[in-house]
Asks: 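Below you'll find the structure I mean.
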Amino acid sequence: MKCAPMKRKKGCNAKVVIVCPPKRKKRAKKKARPRQKRKRKLHVTIIPSIQRYFTLAEADIALTTGKTLYASQFVNDAGEAISRFAEHGRSGYYNLYINSTLQSSQLYTIDANTLVIFPTGQIIKENTPIILESVAFAAEINRS
């Protein structure tokens, strides 16, 4: 790049300094990248389903040999009689409360029709509340 010469008046002995703008560096061309597919995001929503069943001990229950309680002895949250406990397989769990105290899962088993309390040598007194809580989970998957 050449700078334009400056014009001087006749008879002027002053030195003329020509200032040129600095040369610009050429930018290297960027290589075109292949377009990547937009990654889809997964949104997973866990939906719990909780059901509770209630009964009162009709008489003293001696747990020297264990005790079987049937689903038909329980009512749900709405106070309606039930015929079966909720079944959820591996996608949930049960909690048993006797007199508002959570019991270890090793002390009972549950199937659709019965709750079996294993022998512990203790006594459940008459009118003691027995609550069975069923918690199941389902997953809802959305792609965006």
Asks: Testing T128, I123, I124 one by one against I61 for a side chain to side chain contact (heavy atoms under 4.5 Å, CB included), which residue passes?
Replies: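 With I61 as partner, side chain to side chain contact (heavy atoms under 4.5 Å, CB included) holds for just one option, I124.
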
Asks: Between I50 and Y93, is there shared hydrophobic-cluster membership here, with clusters defined by ILVMFWY side-chain heavy atoms closer than 4.5 Å?
Replies: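 Yes: a chain of side-chain contacts under 4.5 Å links I50 to Y93.
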
Asks: About how many Å separate OG1 of T114 and OH of Y70, when rounded to the nearest 0.5 Å?
Replies: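 Interatomic distance, Y70 OH to T114 OG1, rounded to 0.5 Å: 7.5 Å.
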
Asks: Between atom CZ of F54 and atom CD1 of I82, what is the distance when rounded to the nearest 0.5 Å?
Replies: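 Going from the CZ atom of F54 to the CD1 atom of I82 covers 10.5 Å.
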
Asks: Which residues pass the ring-ring contact (aromatic ring centres under 6.0 Å, His included) test with F74, sequence neighbours left out?
Replies: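 Once residues adjacent in sequence are excluded, the partners of F74 under the ring-ring contact (aromatic ring centres under 6.0 Å, His included) criterion are F85.
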
Asks: Have a look at I98 and tell me which of L107, I131, I117 forms a side chain to side chain contact (heavy atoms under 4.5 Å, CB included) with it.
Replies: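 For I98, the side chain to side chain contact (heavy atoms under 4.5 Å, CB included) check succeeds only for I117.
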
Asks: Which is it for I130 and L96 under the side chain to side chain contact (heavy atoms under 4.5 Å, CB included) test, yes or no, and what are the steps along the way?
Replies: CA-CA 7 Å; I130 299 172; L96 175 64; 3.8 Å; yes

Asks: For F137, is the CZ atom crowded, meaning more than 12 foreign heavy atoms sit under 6.0 Å from it?
Replies: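 Yes, CZ of F137 has more than 12 neighbouring heavy atoms, counting only those of other groups under 6.0 Å.
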
Asks: Got H88 and Y94 here, is their nearest side-chain heavy-atom distance under 4.5 Å?
Replies: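 Side-chain contact under 4.5 Å: yes.
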
Asks: Listed by chain and number, what are the salt bridge (charged side-chain N to carboxylate O under 4.0 Å, His left out) partners of E133, not counting sequence neighbours?
Replies: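 Salt bridge (charged side-chain N to carboxylate O under 4.0 Å, His left out) list for E133, sorted by chain: empty.
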
Asks: Would you say the side-chain atoms of N76 pair up with the backbone N or O of Y53, donor to acceptor, closer than 3.5 Å?
Replies: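 Not at all, since once roles are kept as given, no pair shorter than 3.5 Å links the two residues.
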
Asks: Between A86 and S134, what is the shortest heavy-atom contact and its length?
Replies: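 The answer is CB-OG, 3.7 Å.
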
Asks: Measure across S83 and A71 and return the closest heavy-atom pair with its distance rounded to 0.1 Å.
Replies: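 Scanning both residues completely, I find the closest heavy atoms to be O-CB, 3.5 Å.
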
Asks: Checking N99 side chain against T101 main chain: does a donor-acceptor pair fall under 3.5 Å?
Replies: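 No, the answer is negative, given that no donor and acceptor are paired below the 3.5 Å cut-off.
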
Asks: Are I46 and V135 connected in a single hydrophobic cluster, I mean Ile/Leu/Val/Met/Phe/Trp/Tyr linked by side-chain heavy atoms less than 4.5 Å apart?
Replies: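 In one cluster: yes.
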
Asks: Tell me, which pairs form a salt bridge (Lys or Arg N to Asp or Glu O under 4.0 Å) where one or both residues lie in residues 68-95, sequence neighbours left out?
Replies: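 Sorted result for residues 68-95: R52-D77, R84-E87.
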
Asks: For the atom pair CD (E126) and CD (E58), what is the distance rounded to the nearest 0.5 Å?
Replies: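 Nearest 0.5 Å value for the CD-CD distance: 9.0 Å.
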
Asks: For Y108 and N95, which heavy atoms make the closest approach, and how far apart are they?
Replies: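 Y108 and N95 have their closest heavy atoms at OH-CA, 3.7 Å.
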
